[in-house]
Each structure stands twice: as structure tokens, then as C-alpha cells.
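Only one structure is covered here, and it is reproduced in the block below.
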Protein chains: 2
Amino acid sequence: MMRKLFSLLAIVVLAGCAAPPLRGTGDLGLVIERASGQVSLVDTSQGKPYATVGGLGDLSHASVVYSRDGRYAYVFGRDGGLSKVDLLEARIVKRVLQSGNAIGGSISQDGRIVVAQNYKPGGIKAFDAETLELLSEVPAEYAPGSFSKVVGLADLSGNRFAYALFDGGEIWVSDFSDPRHPTTQRYPAGRQPYDGLVTPDGRHYLAGLFGEDGVALLDTWQPEKGTRWILNNYGRGEEKLPVFKMPHLRGWSMAQGNAYLPAIGRHEVLVVSGSNWQEVGRIAVKGQPVFVMARPDGRQVWVNFAFPDNGWVQVIDTLSGKVVHTLEPGKAILHMEFTPRGEQVWLSARDDNKVVIYDTATLAKVGEFAAQAPSGIFFTSRAQRTGF
Amino acid sequence: MMRKLFSLLAIVVLAGCAAPPLRGTGDLGLVIERASGQVSLVDTSQGKPYATVGGLGDLSHASVVYSRDGRYAYVFGRDGGLSKVDLLEARIVKRVLQSGNAIGGSISQDGRIVVAQNYKPGGIKAFDAETLELLSEVPAEYAPGSFSKVVGLADLSGNRFAYALFDGGEIWVSDFSDPRHPTTQRYPAGRQPYDGLVTPDGRHYLAGLFGEDGVALLDTWQPEKGTRWILNNYGRGEEKLPVFKMPHLRGWSMAQGNAYLPAIGRHEVLVVSGSNWQEVGRIAVKGQPVFVMARPDGRQVWVNFAFPDNGWVQVIDTLSGKVVHTLEPGKAILHMEFTPRGEQVWLSARDDNKVVIYDTATLAKVGEFAAQAPSGIFFTSRAQRTGF
């Protein structure tokens with residue numbers, strides 16, 4: 001009898017106390033392991049993973065946003081799966097299959113609305129961040145009966161979202177102030193916008209064009225002024241260079257008042273003034289750039305490359321405007337993420353099945369750990385920024 | 001016997017399970033309540049406090065920095081007390097009296113070193129962020145036997161810190177790469193630097209001068225170029241205007257490439273180009289500005305004032321360069337803090353014994369709660385930024 005009682009109470013104690021230890025979430029993040037449909041949860045203070053969470057479906061091209069408290073990751077899978085992952089309990093707390101073919105998402109300024117952008121059926125859908133209940137949707141019906149793939153979704157102030165319609169050739173801005181009744185404004189973009197981004201201040205939305213040279217620019221503080229077109233020589237140009245991989249515009253970065261962006265098909269990074277949007281320089285690099293990312297302080301810009309140069313990473317010093325370091329961190333470097341204050345950068349080496357960590361000041365490798373075909377790396381500091 | 005056993009086990013269960021609930025720390029913060037030597041711990045998602053922590057000593061002019069995980073607040077008191085407060089367990093985990101008279105502190109880029117700046121004895125002291133063990137100190141001995149008050153301490157990349165010597169008239173940059181053996185470089189500042197700040201990118205250190213007009217500027221990316229002096233008409237000038245309260249330079253703010261800063265003694269905010277550091281404009285405001293703070297997106301700049309105008313707050317629209325709103329949020333508005341993505345601003349109304357919360361888009365008051373003579377408000381998002 002006593003023995004049973006002890007066992008019973010031991011279970012009560014364990015059940016009541018098996019909770020994970022208390023910890024802050026400001027130094028957490030996750031790594032997408034796309035081959036296995038799982039994520040590794042990581043701690044940037046320790047420089048290593050502390051748990052894995054599986055069952056997330058097709059994670060090719062997956063992206064992640066965070067709840068405003070930094071506890072929950074919203075993982076957008078290619079298969080339309082939207083999963084809410086608890087970083088503290090290391091488990092999926094909710095998962096919905098929200099479309100057939102999706103390509104990322106975003107979270108509102110107030111953290112209450114998670115929005116997914118979909119290829120098929122084309123449009124965006126808004127979910128309650130707490131419950132993942134569907135709140136509303138905006139079908140990308142740019143002409144009667146014609147629906148467009150949606151790309152380049154980005155959050156703006158006031159619970160608005162900007163995005164581009166690949167087939168529709170437009171930029172749309174949807175306002176979810178009333179989450180169940182969004183209102184949408186439409187602006188011309190040009191032929192086949194293939195990706196977009198908002199500047200870190202949330203002001204300028206840029207959509208890169210695939211069907212013509214140039215970039216469409218919308219000042220979301222003054223949208224009534226309409227679209228401008230800039231960088232008329234940005235694109236494949238007349239030579240029709242082979243493009244091994246379209247660059248990610250989400251990777252465009254602002255540093256010291258300039259935007260650094262990947263040329264398409266060319267071995268160059270373009271430097272553009274953030275005040276008048278004129279090109280101010282080009283920097284020769286080792287391959288076709290994919291991500292061009294500024295260290296948070298803007299002193300360095302890190303660049304990775306499309307195949308066959310995807311084993312290289314280069315570092316541009318924004319003060320001299322020159323490539324100052326060329327690194328070979330591993331095979332197939334797919335993504336990079338800076339720690340919030342920039343002292344380290346974490347890189348995914350997919351074909352080495354590992355994540356490597358570099359000190360950005362000394363350029364020394366300071367850590368690495370195993371991961372299965374890692375791709376995107378996302379830290380919780382994204383919760384506190386616009387446009388991620 | 002059974003009864004005793006149950007009681008015993010109940011205690012075990014309670015002791016084991018009394019831990020606070022798991023929660024993310026990205027939406028937490030604290031409010032200094034200086035009259036009572038306590039802080040209120042707050043949750044910006046709920047818009048209210050969830051606990052108080054007392055026993056923090058003299059909290060007049062107190063400031064706070066955060067551990068990189070966002071769990072711990074380091075509270076610097078005027079009496080030299082340095083307290084490490086656990087936001088999850090709502091308790092002081094460590095407290096040291098590190099000097100006799102202190103005026104704030106900072107935390108290193110890697111989050112491992114907490115540095116306090118002291119009036120008496122003048123200098124800075126570095127502590128292990130985990131244990132608060134003293135690692136090293138740099139006495140502000142600017143001439144043999146002469147020690148200076150230290151002001152304007154700010155973190156730089158590479159675990160460096162910049163600060164100004166009020167009596168010594170110098171800017172010092174100390175490098176704590178080896179935390180027990182810091183090295184220090186000295187630069188001239190001018191007469192009586194009274195406060196300083198580093199720009200959000202960590203590049204430019206500025207020290208305002210009390211003993212002469214102007215601001216000393218050091219480019220910490222190229223410190224070998226030495227100090228420059230800018231804004232030669234920044235200061236009290238020939239008229240020797242009465243100054244009711246020296247502005248806080250920590251409040252200077254960058255928005256859309258310009259710095260907005262409080263004029264000394266004048267009812268003006270100065271606008272200075274962040275690229276060439278020339279004055280580009282002046283904006284008339286309702287009183288002598290104290291804090292001039294940009295909303296994170298840079299669209300708005302909020303200004304509070306010295307007595308007798310400290311019941312007013314004005315909002316500058318950086319696009320039009322004009323004051324667009326004048327608010328009266330409460331009596332003696334001492335400080336303001338934006339939520340990380342800027343949808344709200346929290347204001348301390350000391351003489352109303354409350355904190356008020358405004359929606360920055362609608363300018364509507366969306367919340368308030370009681371606090372005893374509140375002053376500084378500090379959110380954990382500071383952990384992920386430079387210069388806070």
C-alpha cells in the first residue's frame with residue numbers, strides 16, 4: 001500500500017515538475033533541416049542545439065517568424081503547412097495545412113496576426129497568432145477569374161502587409177487593422193515580380209522583376225505617390241546570362257545608408273543609395289550572389305553564392321567598399337544568420353550536414369554542430385524587427 | 001501517519017512545482033519606481049505589470065541593461081548598487097555595492113561583461129555578467145592623482161566601451177577583449193563632457209560639452225583619425241540661457257539618416273545629418289527637451305520636456321519635419337520607451353503615480369497602470385541593440 005502510494009505520488013511529482021527549466025528566449029533560434037522535416041532548436045549563448053522537433057512536413061524553402069514574446073516559432077513549409085513550435089517545451093503546439101503550395105509568411109506589428117503567402121491557390125491568409133484560427137484571406141485575383149502566385153510578403157506598420165503578384169504584375173498592400181475584414185490597395189509593379197522586401201525601417205517596399213530589367217519601388221509612407229522604377233539595368237539584361245539560382249531579395253541589406261543587393265546572373269553586388277535609390281557602385285565577387293546580408297552594425301556585408309560557387313563566402317568591408325575576406329566554411333552554404341548584436345554569424349553547410357559558427361571580428365571558426373542538410377537559420381531577435 | 005505522509009508529499013510537490021510558469025522573455029521589461037526602491041516587472045503583450053521586486057536601494061537616475069537571453073535585468077542604482085534581477089522568478093539573484101556614487105552602465109556585445117560607470121571613485125568597473133564577480137577596473141586618472149567623473153558610457157563592437165571624463169575633458173575607449181586586462185585609448189573631448197551616446201550602428205561616439213559650445217565626435221571605426229568637433233552652436237551659447245535640466249544624450253535618436261537632438265536651454269530640437277554631421281534644421285517645440293526619441297521605424301520622434309513643461313509630450317513627423325501632435329499624458333513625464341516594433345509607447349507620469357500607454361498610430365491612450373513615482377522604463381529588446 002505504502003509502496004503504491006509512493007509510486008503514485010512520485011508520478012504526481014514528476015508530472016507536475018517535468019516542465020523544462022525556466023530560461024530566457026532572447027538567445028534562442030532554430031535551424032531548418034529540410035531532408036528530415038525537422039528543426040533543431042538552438043541556443044546562441046551556448047553555441048549549440050538543445051532539442052529537435054520533427055513532423056513539420058516539407059521544409060524545402062521553409063521560413064520562420066516569431067511570436068512577440070520569442071517563445072513560439074511559426075514555421076511555413078512548402079507544402080502549405082503552418083506549424084507553431086514552442087521553443088521552451090520543444091514541441092508542436094498547433095499545426096494547420098493552410099494551402100497546397102506556400103512560400104513563407106510574416107507576422108503583424110502587434111504580433112497578433114500571422115499571414116501566409118501562397119502560390120496555389122494564389123493569395124494570402126491571415127491566422128490568429130494564438131490559435132492559428134483562420135481570420136480572413138485575400139485571394140490574389142488580379143483579373144476576373146485569374147489568380148496570381150504571391151511572393152515577397154513583408155510586414156509594415158499598422159498591421160499592414162505588402163506583397164507582389166508574380167502573374168499579376170502588381171504590388172498589393174493589405175491592411176489588417178480589422179483582422180477579419182482586410183482592405184487592399186493595388187499598385188503596378190512590372191512584369192513578373194519574383195521577390196520583394198521592405199527596408200528595415202518598414203518604409204520602402206521593393207520588388208525585383210524577372211520579366212524585365214529593373215526594380216519596382218513603393219514608398220509605403222506615401223503610397224499615394226505610386227510606384228517608381230529604379231535600377232533599370234538590374235536584371236539579366238540583353239546578354240541573357242545563365243541564372244543558376246534567383247537571389248533572395250529578403251537578403252538585401254542596408255548598411256551605412258546604402259542598400260547592398262545581389263546582381264542577377266552577374267558576379268557582382270550592387271550598391272544603391274538608400275536616399276535617392278541611384279546606383280553608387282558595384283563590387284566584384286566570386287560567384288552569383290544569393291544572400292547579401294549586413295552585419296547588424298552595417299560594417300560588414302556577407303555574401304554567399306549559387307552553385308557551383310556555393311562553398312565560398314565573401315565579406316565586404318562597407319568602409320572601404322572592398323571584399324576583405326574570402327572564406328570556405330563548408331559545402332553548399334545555403335543561409336547565414338547573425339546573432340542579434342553581430343558578434344557571430346551562423347552558416348548552414350548543407351552538404352557537410354553541419355552548421356558552422358564564425359566570430360565576425362576575427363573571422364575564426366568558433367564552433368560547429370551536426371545538422372541534417374541544414375538550410376534556413378532563424379533567431380528569435382527577428383520578432384523585434386520589421387521585414388523579417 | 002498517512003496524513004503526515006500526504007502533507008510531506010504535498011510540500012515536496014509544491015516545492016518542486018512552485019516554479020513560475022514557462023514564458024518567453026521578448027515582451028518583458030521593468031519600470032523603475034524610484035521613491036520606493038523597487039521595480040515593477042511588466043509584460044508588453046498584456047500591457048501591465050505582473051510582479052514587483054524591492055530592495056534595490058537608491059533608484060534615482062537608475063538605468064538598466066539586459067542579459068542576452070532577456071531573462072536578467074542589471075539595475076544600476078545611484079548609490080553604486082548593481083543588482084541582477086531575474087524577470088522570470090521576480091527576485092534579486094545577486095547584488096553588489098560596487099562604488100559610492102554611480103550613474104549607469106552597459107553590457108558587452110557578447111553579453112558576458114557588465115560595466116558600471118562611476119562618479120566616485122571616478123572610473124569604470126567590469127563584472128562577470130553571470131556572477132557579478134569584479135573582473136577589472138579602469139580608474140579615470142587623467143593626470144597623476146586626478147580622477148574624473150565618468151559619463152556617457154556606451155558599448156561598442158568587440159567588447160569595447162566608450163565613455164567621457166567630465167573633469168578630464170577626454171573620451172576614452174577601453175577594450176575588454178581580455179576582460180581582466182583591459183586596454184584603453186584616450187582622445188581629447190573638450191571642456192566638461194556631460195553625457196555621450198553611440199549611434200545605433202555602434203560607429204560614432206558623441207559627447208555633449210557643458211563647459212563650451214559644441215559636440216565632440218569620434219568615429220570608432222577609424223579612431224586613429226581622432227576627435228572632430230561639430231555643432232559649434234550646440235550649447236548654451238552667449239546668452240547663457242537658464243537650463244532647467246540637462247538633456248539626456250542617450251535620448252538622441254537617428255531617423256531617416258538624421259540625428260534628432262535636444263537643444264540645451266532652447267525650446268528646439270536640432271536635426272543633424274548622420275552622414276556629414278552638419279545641422280540641417282531646427283524644430284520649435286513646447287519646452288526645453290529632455291528625451292528626444294525616435295519610434296523604431298524613424299517615422300516619428302517623441303519629445304518630453306524639463307519643468308515647467310514636463311506635462312507635455314510632442315510628436316514630430318520626420319517626413320514633414322513638423323510637430324504633428326501635442327499630448328498631455330500626465331504630470332511629470334520623465335521617460336518614454338517604445339515597444340520593440342513601435343506600435344506603442346509607454347510613458348512614466350511620475351507625479352500621477354502611473355504609467356500610461358499610447359498607440360503610436362492613433363495617438364489614443366490604450367492603457368495605464370499604477371506605479372509609485374515611476375521614472376525609467378526599460379524593455380528586454382534593449383538586449384539586442386547597441387548603445388542602450
Side-chain angles (χ1 to χ4, degrees), chain A residues 2 5-6 9 12-13 16-17 19-28 43-45 66-72 86-89 109-111 155 157-159 200-203 221-222 255-257 274-275 295-299 319 339-344 360-361 380-381 383-386, chain B residues 2 5-6 9 12-13 16-17 19-28 43-45 66-72 86-89 109-111 155 157-159 177 200-203 221-222 255-257 274-275 296-299 319 339-344 360-361 380-381 383-386:
Chain A
M2 282 291 280
L5 188 66
F6 269 118
L9 283 158
V12 170
V13 170
C17 300
L22 287 178
R23 56 158 306 149
T25 50
D27 56 354
L28 301 186
D43 172 336
T44 66
S45 296
Y66 286 97
S67 61
R68 76 190 295 286
D69 63 358
R71 176 172 180 176
Y72 300 102
D86 183 340
L87 299 188
L88 293 176
E89 296 191 332
Q109 185 184 29
D110 69 2
D155 53 293
S157 62
N159 291 350
D201 58 9
R203 177 171 179 181
W221 289 6
Q222 309 176 88
Q256 297 294 302
S275 48
R295 199 171 68 174
D297 67 352
R299 176 66 191 268
L319 197 59
T339 50
R341 287 168 72 189
E343 73 278 13
Q344 292 181 347
T360 62
T380 55
S381 48
Q384 320 206 327
R385 295 181 181 168
T386 291
Chain B
M2 282 292 280
L5 189 65
F6 270 116
L9 283 158
V12 170
V13 171
C17 300
L22 287 178
R23 57 158 305 150
T25 50
D27 55 354
L28 302 185
D43 172 337
T44 65
S45 296
Y66 286 97
S67 61
R68 74 190 296 285
D69 63 359
R71 176 171 180 175
Y72 300 102
D86 182 341
L87 298 188
L88 293 176
E89 296 191 333
Q109 186 184 27
D110 68 3
D155 53 293
S157 61
N159 290 350
S177 304
D201 58 9
R203 177 171 179 179
W221 290 4
Q222 310 175 88
Q256 297 294 303
S275 47
D297 68 351
R299 177 67 191 267
L319 197 58
T339 51
R341 288 168 70 188
E343 72 278 13
Q344 292 181 348
T360 62
T380 55
S381 47
Q384 320 208 325
R385 294 180 183 169
T386 292

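Any value given below was found using the heavy atoms of this structure, including those in side chains, with hydrogens, waters and symmetry copies removed. Below, chain A is the first sequence line, B the second, and so on; all start at residue 1.
For B:Arg23, the salt bridge (Lys or Arg N to Asp or Glu O under 4.0 Å) test picks out B:Asp27, B:Asp43, with sequence neighbours left out. Take A:Gln109 and apply the side chain to side chain contact (heavy atoms under 4.5 Å, CB included) test, not counting sequence neighbours, and it matches A:Ser157, A:Asn159, B:Arg341, B:Glu343.
Ranked by heavy-atom pairs under 4.5 Å with chain A, the list B:Asp155, B:Leu319, B:Thr386, B:Leu28 is led by B:Leu319. Chain A forms more heavy-atom pairs under 4.5 Å with one residue of B:Ala255, B:Gly158, B:Ala383 than with any other, namely B:Ala383.
Without hydrogens or angle criteria, A:Arg71 side chain to B:Leu22 main chain gives a donor-acceptor distance under 3.5 Å.
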Subject >> Worked check of side chain to side chain contact (heavy atoms under 4.5 Å, CB included) between B:Asp110 and A:Gln344 >> reply: CA-CA 9 Å; B:Asp110 68 3; A:Gln344 292 181 347; over 6 Å; no
**OP:** List the steps and the verdict of side chain to side chain donor-acceptor pair (under 3.5 Å) for B:Thr339 and A:Arg68.
**Re:** CA-CA 10 Å; B:Thr339 51; A:Arg68 76 190 295 286; 4.6 Å; no
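In terms of heavy-atom proximity, A:Trp221 sits nearest to B:Asp297 at CZ2-O, 3.6 Å.
Rounded to the nearest 0.5 angstrom, A:Gln256 CD and B:Asp201 CG are separated by 5.0 Å.
Residue A:Ala361 does not touch chain B at all, counting heavy-atom pairs closer than 4.5 Å. Heavy atoms closer than 4.5 Å to chain B are found nowhere in A:Pro200, neither backbone nor side chain. In this structure, chain A has no heavy atom under 4.5 Å from any part of B:Ser275. In this structure, no portion of A:Ser67 lies under 4.5 Å from any heavy atom of chain B.
Using a 3.5 Å distance cut-off with no hydrogens or angles, the side chains of A:Arg385 and B:Gln384 do not pair a donor with an acceptor.
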